[in-house]
There are 2 protein chains.
Amino acid sequence: MKTEPKSRMTNQRRVILELVRSLHTHATADEIHRRVRERMPRISLGTVYRNLELLSAQGLVKKLEHTGAQRRYDGNLNFHYHLRCVQCGRVVDAPLEPMPQFLELVRSRTDFDILGYELEFQGLCPACRSSIQPLDKKGIKEDTHA
Amino acid sequence: MKTEPKSRMTNQRRVILELVRSLHTHATADEIHRRVRERMPRISLGTVYRNLELLSAQGLVKKLEHTGAQRRYDGNLNFHYHLRCVQCGRVVDAPLEPMPQFLELVRSRTDFDILGYELEFQGLCPACRSSIQPLDKKGIKEDTHA
DNA sequence: TTTGATGCAAAATATTTGCAGGATA
DNA sequence: TATCCTGCAAATATTTTGCATCAAA
């Protein structure tokens, strides 16, 4: 039923996919760009965005639009939840088993066509908890602790 | 323990708070600005952002950073979940009772300092489901159906 | 009066897009 | 060879901020 758009496996696309799959850090486009540039110095940020979007549409990576201001990308396609540090923005997998029964419950109670759900925990990571700087709700732009 | 910063209840702040409380639409800053401008034509978008930020820090409105690209604001402070239309971006309350037991479970399994969690469902709202236009993952910037 | 708040404009961020040339199938 | 893709730069979109002035307490 789906009309998959034809796509070409370019060097850029392959390297981006390999990188996102190898990272367990839920990196941002900018971080991915920096890492990929170590192998392909001329690759542009626009190309990274375009490829991440396409790979996400093809279901090869997961786009996380629910973890703070900046979008992040996950190479782990197994259904799981996330835990985000509200101080440094770092995202890790949450230690909680999937509970897909929510879907049926909500489906039976709404006239929306339910497609999925996201469960995200927020907290302070060990590094930020022990740091002196106060939690001021700002500057949660980039990972301080990679 | 908390050192609350002193703040003044200006006309702008009061009108913004009243509006967000009266809306059940989880509006964006831009939408709130447009609505407030009907009563205060000279109010700036920057003032709207500054006040929403301050009201959120004071716990008078809830900032939703987990519902797609654009930030939204909720005047309903009761703990509840959300359901977002992936086509038009509209956000409604999810028909599901709070299940705070997750928090303890995750707390016992992580070294993060757990502060809270968000549960968001995604789907197609009735209006979008029946519309002809295909779901193309773009243009989810503004509510088509208010 | 004191000092927090506003309006305005510019800056900072994050993401998308037009286009001409390049690479893949 | 057809057309998808890339690099580059410009354009969008969203949010934040500096500053002189205004206004709440």
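Because the structure is predicted, anything quoted here is derived from the model rather than measured. In the text below, chain A, chain B and the rest are named by the order of the sequence lines, each starting its count at 1. Values below: all heavy atoms of this structure, side chains included; hydrogens, waters and symmetry mates excluded.
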Mind running a 4.0 Å heavy-atom check of residues 9-19 of chain B against DNA chain C and sending the residues that fall below it, in number order?
B:Thr10, B:Gln12, B:Arg13

Which one of B:Lys62, B:Lys63, B:His80 satisfies the side-chain hydrogen bond (donor to acceptor under 3.5 Å, both in side chains) criterion with B:Asp74?
B:His80

What is the separation between atom CD on A:Glu65 and atom C1' on C:dT15, rounded to the nearest whole Å?
11 Å

Can any side-chain N or O of B:Arg90 pair as donor or acceptor with the backbone N or O of B:Cys85 at less than 3.5 Å?
no

Does A:Arg71 have a side-chain nitrogen or oxygen under 4.0 Å from the phosphate oxygens OP1 or OP2 of C:dT13?
no

Rounded to whole angstroms, how far apart are CG on A:Leu52 and P on C:dT15?
10 Å

Between the first and last five pairs of the helix from C:dT1-D:dA25 to C:dA25-D:dT1, the angle of the axes, rounded to 10 degrees:
40°

Below 4.0 angstrom from OP1 or OP2 of D:dC8, is there any side-chain N or O of A:Arg42?
yes

Between B:Arg84 and A:Glu65, is the closest basic N to carboxylate O distance under 4.0 Å?
no

Check whether the side chain of B:Arg8 and the base of C:dT3 form a donor-acceptor pair under 3.5 Å.
yes

Check whether any side-chain nitrogen or oxygen of A:Tyr49 sits under 4.0 Å from OP1 or OP2 of C:dT15, and answer yes or no.
yes

Can you tell me the distance, in whole Å, between the CZ atom of A:Arg72 and the P atom of C:dT13?
16 Å

Polar pair under 3.5 Å, donor/acceptor by atom type, side chain B:Arg50, base C:dG7
yes

Identify, between A:Leu45 and B:Gly46, the residue whose nearest nucleotide on DNA chain C lies closer to the 5' end.
B:Gly46

Go through the steps for B:Arg109 and A:Glu97 under the test salt bridge (Lys or Arg N to Asp or Glu O under 4.0 Å), then give the verdict.
CA-CA 12 Å; B:Arg109 295 175 176 181; A:Glu97 50 283 348; 3.1 Å; yes

Spacing of B:Glu53 atom CD relative to D:dT14 atom P, expressed in whole Å:
18 Å

Does B:His33 use its side chain to pair, donor to acceptor, with the backbone of B:Ile43 at less than 3.5 Å?
yes

Report the distance from atom CZ of B:Arg37 to atom P of C:dC8, rounded to the nearest whole Å.
10 Å

Measure from CG on B:Leu54 to P on D:dT15 and round the result to the nearest Å.
17 Å

Any heavy-atom pair between the side chains of A:His24 and A:Asn76 that's under 4.5 Å?
no

Side-chain donor/acceptor of A:Arg14 to backbone N/O of A:Met9, under 3.5 Å
no

Which of A:Arg72, A:Glu120, A:His26 passes side-chain hydrogen bond (donor to acceptor under 3.5 Å, both in side chains) with A:His82? Answer is A:His26

Going by salt bridge (charged side-chain N to carboxylate O under 4.0 Å, His left out), name the residues that satisfy it together with A:Arg21, two or more places apart in sequence or in a different chain.
none

A:Ser44 side chain near D:dC8 phosphate (N/O to OP1/OP2, under 4.0 Å):
no

Interatomic distance where NE2 belongs to B:His33 and P belongs to C:dG7 [whole Å]:
8 Å

When the distance from CE of B:Met40 to C1' of C:dA5 is rounded to whole Å, what number comes out?
12 Å

Would a line drawn from the ring center of B:Tyr117 to the ring center of B:Phe79 be shorter than 6.0 Å?
yes

